[in-house]
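Indexing begins at 1, ligand by ligand and atom by atom, following the structure's order. Positions are given from 1, in the same order as the sequence printed here. This is a predicted model, so every value here is computed, not measured.
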Amino acid sequence: MSWDVVIGIETHVQLQTKTKIFSGASTAFGAEPNTQACLLSIALPGTLPVLNYEAVQCAIKFGLATNAEIASRSIFARKNYFYPDLPKGYQISQYELPVVGKGSLEIEVGEIKKTVRITRAHLEEDAGKSSHGAVENGTGIDLNRAGTPLLEIVSEPDMNSAEEAVAYAKKLHELVQWIGICDGNMQEGSFRCDINVSVKRKGAEKLGTRREIKNLNSFKFIEQAIHYETQWQIEMLEEGKAIQQATVLFNPETGETKAMRSKEEANDYRYFPDPDLLPLEISDEKISQIKAGMTELPHLMKVRLESDYQLSSYDAAGITRDKHVADYFFATLKEAAEPKQIANWILGQLFSKLNEHNLSIEHSPIKPEVLSLLLKRIQDGTISNNGAKQLFEKLWLSPDLQIDVLIESEGLKQVSDSGLIETMIDEVLKNNQAMVDEYRSGKEKAFNALVGQIMKVSKGKANPGQVNDLLKKKLS
Ligand code: ADP
Ligand code: MG
């Protein structure tokens, strides 16, 4: 029997604001426990929330980037539940009227493009953290994170495989960093996904019962958890058992998912508008103003790189995956105007070095000015592509070395003097009459063999383009 997999994703994106969503306490990661727990974070009676407008701006930017409706009026609500890391007894969130409404995100899996609809995105505060074993014989509560601003982005159940779910999560992860609303640090929990999975008979209309895998903070875990969960649900159904709606946890050690609790309903939370906060009103002027200040979106930049700079779709995608890479590309382009060559070097040579050393491009020892000078030396014929690769290795270790001095000291200067090259060609032709005859009798391959001989005589330094041109002339 075959089955369809259906996946919808809720993503918690930690917004990159200096202070918390309803107070002036710092949101910096990694401080000593409770040193960033202000009176509001610990829910001291009498404290009142004041909305941080930076967080609202982040939500608006996200709405604009996903072509979504931005609500002119939205409401903060109290979501009531009891847990040790939530001293107020409720989380401030948005329920009926979220700040960002219906939008969409384009994903690509291989060659196939797909639009994933976004249901909504709403602002809310994060809870604190329970640290089991942090204190002797008990659990420590750290309220540093309490009140950190989150944007919860809810997708429609539009994904049908683990690959699509991962493509969506990656695309969203790239986008929120690109527009500067999230640092994207998944280890620190700045971007975490709840994955809702159900299966149904192939082609059936009605969706199956979902189970929600909570709090995944790596793409690999997302993929593994979906594979396991899907298999588990299919086995249950094939044994004739029913799926219970549930919240489940993924265990990275075993690769399995396990039910944590039966799924709560919205009415369990007794949502109601928070009387301490006014409705959030956003004017059209405010939206236009934020829109005007936003950088070009990655999918638009990708189209531009293809049309204005003739990059392939693959190269353009590589350059627009990360804002820092795009910035690096344009900084290099400013000095050395060969877009295709620059893209090749960034995505090839530079990326493989960065990966090898586990560095992000902002920390590349080779800066755009240095790369562009290196590429210029290929363009003007001073060095060959291979010579440039050797220099790149040297520059990676000592980026302050002068490229032109290095070219001399490494003996990488190409011979571009046509008189000198002609002399070498004459010598090779004289000593390889057999090859010349072969070429003349129609064997194209003999031409390459002759080029090879000339390069050898020049100790690899003759400009290959010139060798080709001059040899052709001599032989015709
Ligand atoms: P809750 O907040 O209680 O988890 P929502 O109605 O907001 O519930 O839905 C959460 C997520 O579950 C959404 O991303 C939605 O797309 C997804 N979802 C809903 N029904 C299904 C289903 N049958 N299979 C898979 N995902 C689903
Ligand atoms: Mg949910």
Considering the heavy atoms of [X], write down every atom of ligand 1 situated less than 4.0 Å from one of them.
{"X": "S155", "result": "13 (C), 14 (O), 15 (C), 16 (O)"}
{"X": "E156", "result": "16 (O)"}
{"X": "G208", "result": "23 (N)"}
{"X": "E212", "result": "4 (O)"}
{"X": "I9", "result": "14 (O)"}
{"X": "P157", "result": "16 (O), 26 (N), 27 (C)"}

Nearest-option assignment for atom 19 (C) of ligand 1, heavy atoms, candidates R117, M159, Q245, R210: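 Selected option, by shortest heavy-atom distance: R210.
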Just distance, no hydrogens or angles: give the donor-acceptor pairs under 3.5 Å from side chains in residues 124-136, sequence neighbours left out.
from	atom 1	to	atom 2	distance (Å)
E124	OE1	S93	OG	2.9
E124	OE1	H122	NE2	3.1
E124	OE2	H12	NE2	3.2
E125	OE1	K88	NZ	3.4
E125	OE2	K88	NZ	2.6
E125	OE2	I92	N	2.8
D126	OD1	R192	NH2	3.2
D126	OD2	R145	NE	3.2
D126	OD2	R192	NH2	3.0
H132	ND1	T139	OG1	3.0

Would F22 and F76 count as a close aromatic pair, with their ring centres under 6.0 Å?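 Close enough - the centres of the two rings lie under 6.0 Å apart.
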Whether N34 side chain and L143 backbone form a donor-acceptor pair below 3.5 Å: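 Looks like yes, one N/O pair under 3.5 Å.
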Check whether more than 12 heavy atoms from other residues, nucleotides or ligands sit under 6.0 Å from atom NZ of K394, and answer yes or no.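 Count not over threshold, so no.
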Can you tell me if E32 has over 12 outside heavy atoms packed within less than 6.0 Å of its CD? no
Please walk me through it: do Q14 and T148 pass side chain to side chain donor-acceptor pair (under 3.5 Å)? CA-CA 7 Å; Q14 188 174 310; T148 297; 5.1 Å; no
Could you tell me whether some N/O pair between V154 and ligand 1 is separated by less than 3.5 angstrom?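 No: no nitrogen or oxygen of V154 is under 3.5 Å from one in ligand 1.
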Under 3.5 Å, N or O to N or O, is E10 touching ligand 1 that way?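 N/O-N/O distance below 3.5 Å exists for this pair.
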Would S41 and K20 count as having a side-chain donor-acceptor pair, cut-off 3.5 Å?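 A donor-acceptor contact under 3.5 Å links the two side chains.
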